Each structure stands twice: as C-alpha cells, then as structure tokens.
Colleague: 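Take this structure, written in structure tokens, and hold onto it; I'll ask about it next.
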Amino acid sequence: MGSQSEVMHCYEQIAPLTERMLVLARAKQWGELPRLEGQCSSMVERLKDIEPLSTLDEAQSARKYVLLGRISANSTEIVGMIMPQLSKLVGVMKSLDRQRSLHRAYGQPDDAYLP
C-alpha cells in the first residue's frame with residue numbers, strides 16, 4: 001500500500017474506532033475501551049511515522065479534515081464522560097488509603113499484616 005493510501009487508511013480506521021468507543025462510553029461499558037484505545041494509539045503512532053513522508057491530494061486532504069473533525073468530536077465527548085469516572089475512582093482510592101492508614105495506626109496488633 002502506498003504512503004498516501006496508507007495515511008488515509010489510518011484515518012479511515014481511527015474514526016469508526018472512536019465512534020465505537022463513544023457508543024461504549026455512553027452505555028458506561030468501560031471494559032472494552034482500553035482495547036479500542038490501544039488500537040487507536042497504534043494507528044496514531046503509525047501516522048506519526050508515515051504522514052510526514054506523504055503528500056495528500058486535495059480530495060484526500062479534504063477527507064482527512066472531515067475525519068479529523070469526527071475523531072476530535074468523538075474524543076472530546078469520550079473524555080468528558082471518562083474524567084468524572086476517573087475522579088470518582090481517585091476519590092474512592094484516597095478514601096481507602098485513609099482507612100488503611102487509620103487502621104494501621106489504630107488497629108489491633110493482630111491485624112498488623114493487613115495490606
């Protein structure tokens with residue numbers, strides 16, 4: 001596959017991946033997101049290698065910017081849904097850490113081996 005078509009192929013693959021990720025995020029099905037994000041990251045890494053070496057024609061450039069718009073909109077919405085979940089997780093982890101510290105400080109000597 002030539003570099004021009006490979007560049008466009010990458011963009012054509014990333015856009016539906018981000019759309020699938022958005023559907024999953026909206027449904028709060030977080031489990032599959034890391035795998036799909038990994039696929040997107042692989043494509044982006046490939047683009048970093050091949051895109052600087054390629055020249056797109058006018059139609060390809062126009063299509064690329066349409067795809068970038070979709071990818072960007074999807075990513076923005078996904079991040080907007082993930083950040084509150086991450087904040088919630090961080091809060092739970094901090095609470096557990098405080099509980100563990102209190103337990104270590106004031107717990108029974110027999111419980112000293114609790115993680």
Side-chain angles (χ1 to χ4, degrees):
M1 179 180 317
S3 63
Q4 287 183 355
S5 59
E6 187 174 1
V7 166
M8 292 310 298
H9 174 76
C10 288
Y11 284 108
E12 295 283 353
Q13 296 298 308
I14 294 169
L17 282 172
T18 61
E19 288 166 5
R20 177 71 181 137
M21 291 170 67
L22 181 56
V23 167
L24 292 169
R26 285 177 178 160
K28 298 188 183 334
Q29 295 179 350
W30 311 113
E32 197 173 338
L33 287 176
R35 182 182 64 79
L36 296 175
E37 195 281 329
Q39 290 176 9
C40 283
S41 292
S42 294
M43 289 285 183
V44 168
E45 288 302 315
R46 181 69 186 138
L47 276 172
K48 287 179 185 177
D49 292 337
I50 63 173
E51 194 164 22
L53 307 174
S54 69
T55 303
L56 301 177
D57 64 30
E58 192 174 314
Q60 290 171 323
S61 289
R63 177 69 179 149
K64 171 185 158 181
Y65 288 109
V66 167
L67 292 169
L68 280 171
R70 285 175 39 200
I71 292 165
S72 178
N74 293 338
S75 296
T76 298
E77 191 171 342
I78 292 165
V79 167
M81 285 184 258
I82 288 175
M83 291 311 291
Q85 295 297 319
L86 288 175
S87 294
K88 188 184 213 181
L89 179 61
V90 167
V92 168
M93 291 173 65
K94 285 181 180 179
S95 175
L96 289 172
D97 191 44
R98 280 190 299 270
Q99 287 176 3
R100 187 177 8 191
S101 293
L102 288 171
H103 185 72
R104 284 184 183 149
Y106 301 107
Q108 300 294 323
D110 294 335
D111 295 337
Y113 295 106
L114 288 177

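A quick note: this is a predicted structure, and the numbers were derived from the prediction, not measured.
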Colleague: Counting C-beta onward and ignoring hydrogens, is there a side-chain heavy-atom pair between Cys10 and Ile50 closer than 4.5 Å?
Modeller: yes
Colleague: Is it true that Arg100 and Asp97 have a side-chain N and a carboxylate O under 4.0 angstrom from each other?
Modeller: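 A salt bridge links Arg100 with Asp97.
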Colleague: Rounded to the nearest 0.5 Å, what separates atom OG in Ser42 from atom CD in Gln39?
Modeller: 7.5 Å
Colleague: How long is the straight-line distance from CG of Leu86 back to CE of Met81, given to the nearest 0.5 Å?
Modeller: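 Reported value, rounded in 0.5 Å steps: 13.0 Å.
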Colleague: With a 4.5 Å cut-off on side-chain heavy-atom distances among I, L, V, M, F, W and Y, is there a chain of contacts connecting Val44 to Leu36?
Modeller: no
Colleague: For Ser41 and Glu45, test the side chains for any donor-to-acceptor distance below 3.5 angstrom and give the result as yes or no.
Modeller: no
Colleague: Backbone N or O of Leu68 within a donor-acceptor pair of the Ser72 side chain at under 3.5 Å?
Modeller: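 It does not hold such a pair.
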Colleague: Enter the distance from Arg63:CZ to Glu12:CD here, rounded to the nearest 0.5 Å.
Modeller: 4.0 Å
Colleague: Honestly curious: do Ile14 and Val66 fall in one hydrophobic cluster under the side-chain, below-4.5 Å linking rule?
Modeller: no
Colleague: Taking atom types as modelled, find out whether Glu51 and Tyr11 have a side-chain donor-acceptor pair closer than 3.5 angstrom.
Modeller: yes
Colleague: Counting N and O atoms only, with roles assigned by atom type, does the side chain of Glu77 sit under 3.5 Å from a partner on the main chain of Asn74, one being a donor and the other an acceptor?
Modeller: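 Judged by distance alone, no pair lies under 3.5 Å.
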Colleague: Taking Trp30 as the starting point, is it possible to reach Val79 by hopping between hydrophobic residues whose side chains are less than 4.5 Å apart?
Modeller: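 Looking at the clustering, Trp30 is in the same group as Val79.
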Colleague: Nearest 0.5 Å, please: how far is CG in Leu33 from CG in Leu22?
Modeller: 9.5 Å
Colleague: Look up atom CG in Asp57 and atom CE in Met8, then write down how far apart they are to the nearest 0.5 Å.
Modeller: 9.0 Å
Colleague: Atom CZ of Arg98 and atom CG of Leu96: how far apart are they, to the nearest 0.5 Å?
Modeller: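 Those atoms lie 9.5 Å apart.
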Colleague: If hydrophobic clusters are built from ILVMFWY residues whose side chains come within less than 4.5 Å, do Ile71 and Ile82 share one?
Modeller: no
Colleague: Quick check: is Met83 connected to Met21 through a chain of hydrophobic side chains (ILVMFWY, heavy atoms under 4.5 Å apart)?
Modeller: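 They do share one cluster, since a chain of ILVMFWY contacts under 4.5 Å joins Met21 to Met83.
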Colleague: For the residue pair Arg70 and Pro16, what are the closest heavy atoms and their distance?
Modeller: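 Reported closest heavy-atom pair: NH2-N, 4.4 Å.
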